[in-house]
Amino acid sequence: MKRVAIIAEGQTEAIFVRELLSRVIDPSEFSFSYIKLNADRMERVREYSSPNPEIHFQIINVQNDERVLSVIKDMETGLVESGLFGKILGIRDMYSQEYDDLSNGAINDHITTKIMEKQNDIIQTMTYRNIIKLYYCIMEIEAWFLSMYNVFPKLDPKLTVEYIEENLGFNLKRIDPQKEFFKPSRQLNEIFELCQWKYRKSEDNIEKFVSRIEVTDIDNAKENNRCSCSNDFYQGIKNPV
């Protein structure tokens with residue numbers, strides 16, 4: 001059986017990946033374990049397995065964006081030389097305090113490229129660099145949520161593209177959240193507030209959203225190359241090895 005380790009920045013990314021698997025892969029073909037890393041202790045959160053899985057995903061929530069690459073570096077030898085894992089994927093937000101300091105609170109393609117190159121240089125020093133791939137959510141994974149504009153009416157029927165534009169001034173079908181919003185979690189919260197809710201990156205918030213994602217929403221997100229980094233990640237999950 002093929003095995004893939006996915007090192008996720010935090011709870012939002014880990015829960016999203018968990019749900020994404022069943023949207024892009026036949027549930028009869030895979031299994032997963034979702035683990036939270038607390039200091040050096042592994043806490044098993046959830047598991048799933050089909051009767052005869054062809055591929056297993058181990059999702060590890062490291063609870064810190066800056067730790068994704070360092071955890072991969074610390075764990076690569078154990079993961080690979082145990083003979084269990086043939087691929088290691090990382091997923092984290094591009095937004096960080098470092099980015100904010102460098103860009104003065106604006107999306108800057110030059111800074112984005114430089115940070116990617118810096119992280120890739122670190123990967124190139126690793127023993128198993130050929131099976132390691134780091135994916136970025138630009139600027140946050142909430143940009144990917146915003147690109148799935150038909151999920152919002154499933155949360156509340158009034159949250160149509162037109163209603164959101166009328167109240168907040170942006171049309172989710174026309175813009176690319178990856179290029180439009182420096183902190184897309186703020187815009188997601190603004191949408192939630194239209195229904196007197198709050199988006200605080202809580203487990204309940206995240207589960208409420210991701211549980212309503214369907215394959216058609218993933219297709220919507222790819223229209224006109226919207227949130228291109230999300231499509232790169234979907235393909236990496238669908239064809240990991």
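Reckoned from all heavy atoms, side chains included, excluding hydrogens, waters and symmetry mates.
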Enumerate, atom names and distances included, each donor-acceptor pair closer than 3.5 Å involving a side-chain atom of residues 163-174, sequence neighbours excluded.
{"unit_1": "Glu165", "atom_1": "OE1", "unit_2": "Asn171", "atom_2": "ND2", "d": "3.0"}
{"unit_1": "Asn167", "atom_1": "ND2", "unit_2": "Tyr163", "atom_2": "O", "d": "2.9"}
{"unit_1": "Asn171", "atom_1": "OD1", "unit_2": "Lys173", "atom_2": "N", "d": "2.9"}
{"unit_1": "Asn171", "atom_1": "OD1", "unit_2": "Arg174", "atom_2": "N", "d": "3.3"}

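Contacts of Arg23 classified as salt bridge (Lys or Arg N to Asp or Glu O under 4.0 Å), with partners at least two apart in sequence or in another chain: Glu19.
Between Glu54 and Lys2 there is no salt bridge, since no side-chain nitrogen of the basic residue lies less than 4.0 Å from a carboxylate oxygen of the acidic one. Arg44 has a carboxylate O that lies under 4.0 Å from a charged side-chain N of Glu47, or vice versa, which qualifies the two as a salt bridge.
Within 6.0 Å of CG in Asp109 there are 12 or fewer heavy atoms belonging to other residues, nucleotides or ligands. Few gaps surround CG on Asp121; more than 12 heavy atoms of other groups in view lie less than 6.0 Å from it. More than 12 heavy atoms of other shown residues, nucleotides or ligands fall within 6.0 angstrom of atom NZ in Lys154. Environment of NZ in Lys73: sparse, with no more than 12 heavy atoms of neighbouring residues, nucleotides or ligands closer than 6.0 Å. Lys222 NZ: more than 12 foreign heavy atoms inside a 6.0 Å radius.
No donor-acceptor distance shorter than 3.5 angstrom exists from the side chain of Gln63 to the backbone of Gln11, with no hydrogens or angles considered. When atom types are taken as modelled, the side chain of Asp217 and the backbone of Glu214 share a donor-acceptor pair closer than 3.5 angstrom.
Under the 30°/60° scheme for interplanar angles, the aromatic rings of Trp144 and Phe233 are found to be tilted.
Rounded to the nearest 0.5 Å, atoms CZ (Phe181) and CD (Glu190) are 8.0 Å apart.
Nearest heavy-atom pair across Leu194 and Lys158 is O-NZ, 3.0 Å.
In this structure, the ring of Phe16 has its center no less than 6.0 angstrom from the ring center of Phe209.
Both tests hold for Lys183 against Tyr95: distance to the six-membered ring centre under 6.0 Å, angle to the ring axis within 45°. Taking the ring centre of Tyr199 as origin, the terminal cationic atom of Lys201 falls outside the region bounded by 6.0 Å and 45° from the ring axis.
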- Item | Audit row: Phe57, Tyr34, ring-ring contact (aromatic ring centres under 6.0 Å, His included) steps and yes/no | CA-CA 8 Å; Phe57 295 89; Tyr34 170 29; over 10 Å; no

